[in-house]
Amino acid sequence: MPPYHTELKHYTDWLSRRGIEYKILTPESNICEVDLIMFCGGGDIGKRPLRDEFEKKVFLEAYGKIPIFGICRGMQLANVVLGGSLIEDIKSFVKHTPIKMKDDRKISSFHKVVTEHGNSFLINSRHHQGLNVL
């Protein structure tokens, strides 16, 4: 699902660099022609009514028929559509770390994740909302 233009470019660039074919869905798209639906990150659920409604419709059409992958906002959307709820305003109970890029751009909002196997890595996380009741 397409997020706003600047966010969309990040996703399409990442997929293209890895040789992954993708199709950006529109209201006219036939979801039966895709192998997986990815709901991307972006603005808060409830703040983009047109996007919310479009993505909810696609999610319900795909659910149980096509694999669904939710990133950030996409996972929050899935939770809400399936009857869960969100924390509307996270007061940052996760410590975020600013990271400086080689070209001196500062990208903030990264935090460490540790897997159950003990592997750790940084992820970009600018969440304002989060999952509450599943």
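Here the structure is a predicted model, which is why all the values come from computation and not from measurement.
Considering only heavy atoms from C-beta on, L36 stays 4.5 Å or farther from I68 through its side chain. Residues L134 and L82 have side chains not in contact (no heavy-atom distance under 4.5 Å, counting atoms from C-beta outward). Taking 4.5 Å as the limit, every side-chain heavy atom of I66 sits out of range of all side-chain heavy atoms of D35.
Here the shortest heavy-atom pairing between G41 and C72 reads CA-CB, 4.0 Å. What you find for N132 and L86 is that their closest heavy atoms are CB-C, 3.6 Å.
For E33, the side chain to side chain donor-acceptor pair (under 3.5 Å) partners at least two apart in sequence or on another chain are K23. Residues forming a side chain to side chain contact (heavy atoms under 4.5 Å, CB included) with V133 (at least two apart in sequence, or on another chain): S85. Every residue meeting the side chain to side chain donor-acceptor pair (under 3.5 Å) condition with D52, not counting sequence neighbours, appears here in chain and number order: R73. With sequence neighbours excluded, the residues that form a side chain to side chain donor-acceptor pair (under 3.5 Å) with E61 are K57. For D13, the side chain to side chain donor-acceptor pair (under 3.5 Å) partners two or more places apart in sequence, or in a different chain, are K9. Under the ring pair (Phe, Tyr, Trp, His ring centres under 6.0 Å) criterion, Y63 pairs with F59, not counting sequence neighbours. The side chain to side chain contact (heavy atoms under 4.5 Å, CB included) search around L15 returns I20, Y22, M38, not counting sequence neighbours.
Counting only distance, with no hydrogens or angles, the side chain of D44 and the backbone of G46 share no donor-acceptor pair below 3.5 Å. Judged purely by atom type and a 3.5 angstrom limit, T115 uses its side chain to pair as donor or acceptor with the backbone of H117.
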V114 and N119: side chain to side chain contact (heavy atoms under 4.5 Å, CB included), yes or no, with the steps? CA-CA 6 Å; V114 180; N119 302 320; over 6 Å; no

Please step through side chain to side chain contact (heavy atoms under 4.5 Å, CB included) for the pair I37 and L25, ending with a clear verdict. CA-CA 9 Å; I37 305 246; L25 298 180; 3.7 Å; yes

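Following chains of ILVMFWY side-chain contacts shorter than 4.5 Å, one can reach I24 starting from I71, so the two form part of one hydrophobic cluster.
For the atom pair SG of C40 and CE of M75, the computed distance is 12.5 Å after rounding to the nearest 0.5 Å. Considering NZ of K56 and CZ of F39, their distance stands at 12.0 Å, rounded to 0.5 Å.
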